[in-house]
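In what follows, a single structure is set out as C-alpha cells and then discussed.
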Amino acid sequence: MPHQPQASLLKQRRFLPYFVTQFFGAFNDNIFKNVLLLFVAFAGANALPVSSNLFINLAAGLFILPFFLFSASAGVLADKYEKSWFIRKVKLAEIAIMTLGAIGFITQSYLILLLLLFLMGTQSAFFGPVKYALLPQQLKPNELVPGNALVETGTFLAILLGTLGAGVIASADNANYVAAICVVLFAVFGYASSRYIPEAPASAPELKFRWQPIKHTKQTLAIAKADRVVFQSLMAISWFWFLGAAYLTQFPNFTKIHLNGSESAVSFLLALFSVGIAVGSLACDKLSNHRIEVGIVPLGSFGITIFGWLMASSIPSDLPQFESFTQFVSYQALWSVFAYLLLLGASGGVFIVPLYALMQQRAKVSQRAQVVAALNIYNSLFMVGSAVLGIVCLSILELSIPQLFLLLAALNLLVAGYLFIQVPIFVVRFLVWMITHTMYRVKHKNLHHLPEKGGALIVCNHVSYMDALLLSAVCPRLIRFVMEEDYANLPPLRRFLKRAGVIPISAERRGSIRRAFNEVEQALSEGHIVCIFPEGRLTADGEMNEFMRGIDIVLRRSPVPVIPMAIKGLWGSYFSRYKGSACKGRPSRFWSKIEIEAGDPVDPQQANTQRMQQKVAELRGDWR
C-alpha cells in the first residue's frame with residue numbers, strides 16, 4: 001500500500017478540517033487561560049475576590065477538575081454518537097462559553113471568569129476522547145503515525161502560539177475588549193472548520209447513556225486495564241505529561257533565578273521546548289518508516305533522560321545580568337542549555353507519537369473513545385502528581401530547580417529501562433533498521449504483500465549474514481526466523497535470540513529437526529510470520545543454491561500463504577562469501593544499493609519447493 005506523506009494529509013478533507021479544529025481548540029484554551037492569568041497577575045488587590053496566588057491555584061485546579069469528573073462520560077458519548085456531529089456540538093458549546101467569557105473580560109468579573117475556566121476544562125474534557133478516537137476511522141493504518149505526528153505538532157505549536165498570543169493581547173490597549181473579541185472569534189473559527197469534518201459513524205451506537213459519572217469512571221478505567229499493551233501505552237503517555245507539566249511549570253522561575261532571564265527569555269525557552277516536540281513528532285514518522293514502531297519509544301525515553309540531565313548540569317555558574325533579550329540569546333555560554341532543551345523536546349516528540357498510534361490501533365473499535373477518556377483521567381492524575389512533586393522537592397526538601405530537573409532525569413531513566421525490558425526485540429529491530437539503512441541504500445518493493453495479521457511463511461534467497469536483519473527491519477511485524485542451531489546457541493546471543501522467537505535447527509540431528517518443525521507449526525498456528533532460507537547456507541558464488549524440501553514439510557503440517565522474497569545487491573558485501581568467507585579482510589563497499597522485494601502470496605495448495613524457488617529466482621532476476 002503506498003504511503004501518504006504528512007504533507008498530503010494536510011491537503012485532504014478527511015484530515016485537514018479535523019487538524020484545524022483541534023488546533024484552534026488547543027490555541028483558544030491557552031489564549032483564554034493565559035490572558036486570564038495575566039489579567040489576574042496585574043489586577044489591583046481590590047479587583048479580585050481572593051488573593052492572586054489563591055486565584056491562580058484555583059484556576060489551575062478548576063481547569064483540570066473536569067477531566068476527572070467528565071472524561072469517562074465523554075468517552076461513552078463519543079463512542080455512542082457519530083463523531084463529526086459530536087465534535088460540532090462540543091464546538092458550539094465552546095462558542096457559548098467564550099461568549100460568556102467575553103462578557104467576563106469586558107466587565108472584569110473575575111469570579112465569573114473562574115467559573116468559565118471550569119466550563120472550558122469541561123469542554124476540553126468532552127473534546128479529548130473524540131479527538132483521538134476519530135483518527136483511526138478517517139486514516140488508513142499506515143497513516144496513523146504521520147497523522148498523530150501532525151496532531152502532536154499542531155497541539156504543541158497551538159500551546160506555544162496561544163501562550164505567546166496571550167501576552168500580546170494582555171499588553172494591548174483596551175486589552176479586555178481585544179481578549180473578548182479574540183476568544184469568541186477563535187471559537188467560531190474552530191466551529192467553522194468542524195463543519196467540514198467528514199462523517200465518522202458511531203463506534204457503539206447501542207450504548208445506553210445515563211448521567212452516572214462515578215460509574216462511568218470505574219467502567220472506563222476497567223476497559224483501559226483490560227488490554228495490557230493499551231494500559232502500558234496509557235501509563236507511558238501520562239508519564240510524558242507528568243514530565244511536561246513539571247518542566248513547563250518551572251520554566252518561569254528557572255529562567256529568572258538560574259539563567260537571569262526576563263519574561264521574553266521564558267517565552268523563548270517555551271518556544272524551544274515546543275518546537276523541539278513538534279520537530280521530534282515529525283521526525284518520528286520518518287525514523288519509524290511511517291509505521292507504528294514501538295522500538296523507538298525507549299530510545300526517545302533515553303533521549304529525554306540524557307538531554308534533561310545535560311540541560312540541568314550545563315548551566316553556567318556565573319552569569320551576568322542581561323539588559324535585553326538579545327544579550328540573553330546571544331550569550332554563548334547558554335547555547336548548550338538551549339540546544340539540550342531543544343533536543344529534550346525532540347526526544348519527547350519521538351517518545352509520544354508511537355504511543356498514541358499504538359493506543360488507537362490496539363483499542364477495540366467500540367471502546368476507543370472510552371480508552372482515550374481513561375487516558376485523560378490518568379493524564380490529569382499524573383499532572384497533579386507532578387505539581388505535588390514540585391511542591392515537595394522545592395518547598396519541603398528545598399531542592400533547587402536544576403536539582404529537580406536532575407531528579408526528573410533520574411526517574412525517567414528508570415522508566416526508560418522498564419520500557420526497554422518490555423520491548424527489547426523491537427528496540428534492536430529499530431536500531432538494525434537505522435544501521436542497515438545507513439550502511440546501504442535500501443529500496444523496498446511490494447512489501448504490502450506481507451500480511452498485516454495471520455500466519456504466513458516467507459521464503460527468501462540467502463546471500464549474507466545480514467539477510468535476517470534486513471528482513472526483520474523492513475517488516476512491520478515480528479518475524480520468527482529458522483536459524484542454524486550453532487549460531488542460535490552462541491552464548492552472547494542465545495537469550496536474546498530465544499526471546500526474539502528464533503527457531504534453532506540442525507540438519508545433522510533428527511531431534512533438532514523434529515523440534516524445529518514442531519515450533520514452526522505452532523508459530524504459524526498462533527498467527528506469526530515465519531521465515532526460512534530454503535537454500536540452507538549462504539551462496540558461495542552469488543547464484544541461488546537449490547532449495548531444500550523443508551517448504552513441503554512445513555506446508556503439509558501448516559497450510560498458510562507463502563510469500564516469496566528476494567534480497568538483491570548484497571553479493572560482494574563484507575557479510576557475503578564474495579571473498580571466499582564472510583567478514584574477511586576490510587570492507588570494500590559502503591552505501592551500496594540494495595533492494596528487498598516481496599512477491600504475490602502463493603496459496604499453500606499450489607506452493608511447493610520447485611515453484612517457490614522459481615518465484616524467488618524471478619524476483620531476484622540478474623541482480624546479485
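Note that these values count all heavy atoms, side chains included, but never hydrogens, waters or copies made by symmetry.
- The two residues V372 and M359 have their closest heavy-atom pair at CG2-CE, 4.0 Å.
- Ring centroids of F273 and F156 are separated by 6.0 Å or more, keeping the two rings apart.
- With W241 contributing its side chain and N376 its backbone, the two residues share no donor-acceptor pair below 3.5 Å.
- For N28 (side chain) and F24 (main-chain N/O), no donor-acceptor pair under 3.5 Å exists by modelled atom type.
- Without hydrogens or angle criteria, N148 side chain to L144 main chain gives a donor-acceptor distance under 3.5 Å.
- Remark: K131 is not positioned above the aromatic ring of F126, lacking an NZ or CZ atom under 6.0 angstrom from the ring centre and at most 45 degrees off the axis.
- Under the 4.5 Å side-chain criterion, counting only non-hydrogen atoms from C-beta, T163 is not in contact with S267.
- Using a 4.5 Å cut-off on side-chain heavy atoms (C-beta onward), P354 and V294 make no contact.
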Check your understanding: Could you go step by step and tell me if L408 and F242 meet the side chain to side chain contact (heavy atoms under 4.5 Å, CB included) rule?
Key -> CA-CA 10 Å; L408 291 174; F242 175 96; 4.0 Å; yes
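- Put simply, the side chain of F338 reaches to within 4.5 Å of the side chain of L269, judged on heavy atoms.
- Residues M98 and M120 form a side-chain contact, since some pair of their non-hydrogen atoms from C-beta on lies under 4.5 Å apart.
- No donor-acceptor pair under 3.5 Å is formed between the side chain of S274 and the backbone N or O of A271.
- F328 and F322 have perpendicular rings, their planes meeting at more than 60° on a 0 to 90° scale where under 30° would count as parallel.
- The CZ atom of F127 sits 8.5 Å away from the CG atom of L134 when rounded to the nearest 0.5 Å.
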Check your understanding: How far apart are the C-alpha atoms of L310 and F307, what are their side-chain angles, what is the distance that settles it, and do they pass the side chain to side chain contact (heavy atoms under 4.5 Å, CB included) test?
Key -> CA-CA 5 Å; L310 289 173; F307 297 119; 4.2 Å; yes
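- When each of T122, L119, L115, V184 is checked for a side-chain contact (heavy atoms from CB on, under 4.5 Å) with I97, only L119 meets the rule.
- Between Y247 and F251, the two ring planes are tilted [angle within 30° to 60°].
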Practice item. Tell me, with the steps shown, if Q422 and R228 meet side chain to side chain donor-acceptor pair (under 3.5 Å). Key: CA-CA 11 Å; Q422 294 300 305; R228 184 169 179 265; 3.0 Å; yes
Review point. After noting the C-alpha distance and the side-chain angles of S109 and T107, does the key distance pass the side chain to side chain donor-acceptor pair (under 3.5 Å) rule?
Key: CA-CA 5 Å; S109 304; T107 61; 2.7 Å; yes
Practice item. Starting from the C-alpha separation in whole Å, work towards a yes-or-no answer on side chain to side chain contact (heavy atoms under 4.5 Å, CB included) for I401 and L394. Key: CA-CA 7 Å; I401 295 176; L394 300 179; 4.2 Å; yes
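- The main-chain N or O of Y177 is never found under 3.5 Å from a side-chain atom of N174 such that the two would form a donor-acceptor pair.
- Counting all heavy atoms, side chain and backbone alike, A333 lies closest to P316 at O-CG, 3.4 Å.
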Check your understanding: Checking ring pair (Phe, Tyr, Trp, His ring centres under 6.0 Å) for the pair F32/F105: CA distance, chi angles, key distance, verdict?
Key -> CA-CA 10 Å; F32 184 90; F105 279 137; 5.4 Å; yes
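- Remark: side-chain polar atoms of S386 are paired, donor with acceptor, to backbone N or O of A246 under 3.5 angstrom.
- Although no hydrogens or angles enter the test, the distance criterion places a donor-acceptor pair under 3.5 Å between the side chain of N260 and the main chain of P320.
- Of all heavy-atom pairs between A265 and F325, the closest is N-CD1, 3.9 Å.
- Between the side chain of T99 and the backbone N or O of I95 there is at least one donor-acceptor pair closer than 3.5 Å.
- Here the CG atom belonging to D285 is positioned 9.0 Å from the CG atom belonging to L9, to the nearest 0.5 angstrom.
- Under the 30°/60° scheme for interplanar angles, the aromatic rings of F27 and F186 are found to stand perpendicular.
- Between D79 and R368 no salt bridge is recorded (no basic side-chain N to carboxylate O distance below 4.0 Å).
- Q327 contributes a side-chain N or O that, together with a main-chain N or O of E323, makes up a donor-acceptor pair within less than 3.5 Å.
- The shortest side-chain heavy-atom distance between V130 and V90 does not fall under the 4.5 Å cut-off.
- Between Y18 and F23, the ring center distance fails the sub-6.0 Å criterion.
- In terms of heavy-atom proximity, S301 sits nearest to A416 at OG-CB, 3.2 Å.
- Distance check, rounded to the nearest 0.5 Å: CG of L397 to CD1 of I391 gives 12.0 Å.
- A heavy-atom distance below 4.5 Å is not found between the side chains of F382 and F240.
- Atoms CD1 and CD1, on I277 and I159 in that order, are 8.0 Å from each other to the nearest 0.5 Å.
- The shortest distance between side-chain heavy atoms of L431 and V427 falls below 4.5 Å.
- Counting only distance, with no hydrogens or angles, the side chain of Q403 and the backbone of S400 share a donor-acceptor pair below 3.5 Å.
- The line from CG of L399 to CG of L406 is 10.0 Å long, rounded to the nearest 0.5 Å.
- The two residues M383 and A245 come nearest to each other via the heavy atoms CG-CB, 4.1 Å.
- In plain terms, the two heavy atoms of A158 and A26 that are nearest each other are CB-CB, 3.8 Å.
- The shortest distance between side-chain heavy atoms of K91 and Q123 falls below 4.5 Å.
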Review point. Do L375 and S238 pass the side chain to side chain contact (heavy atoms under 4.5 Å, CB included) test, and can you show the C-alpha distance, the side-chain angles, and the key distance before you say yes or no?
Key: CA-CA 7 Å; L375 172 63; S238 295; 3.9 Å; yes
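- Residue I237 holds its CD1 atom at 12.0 Å from CD of Q232, rounded to the nearest 0.5 Å.
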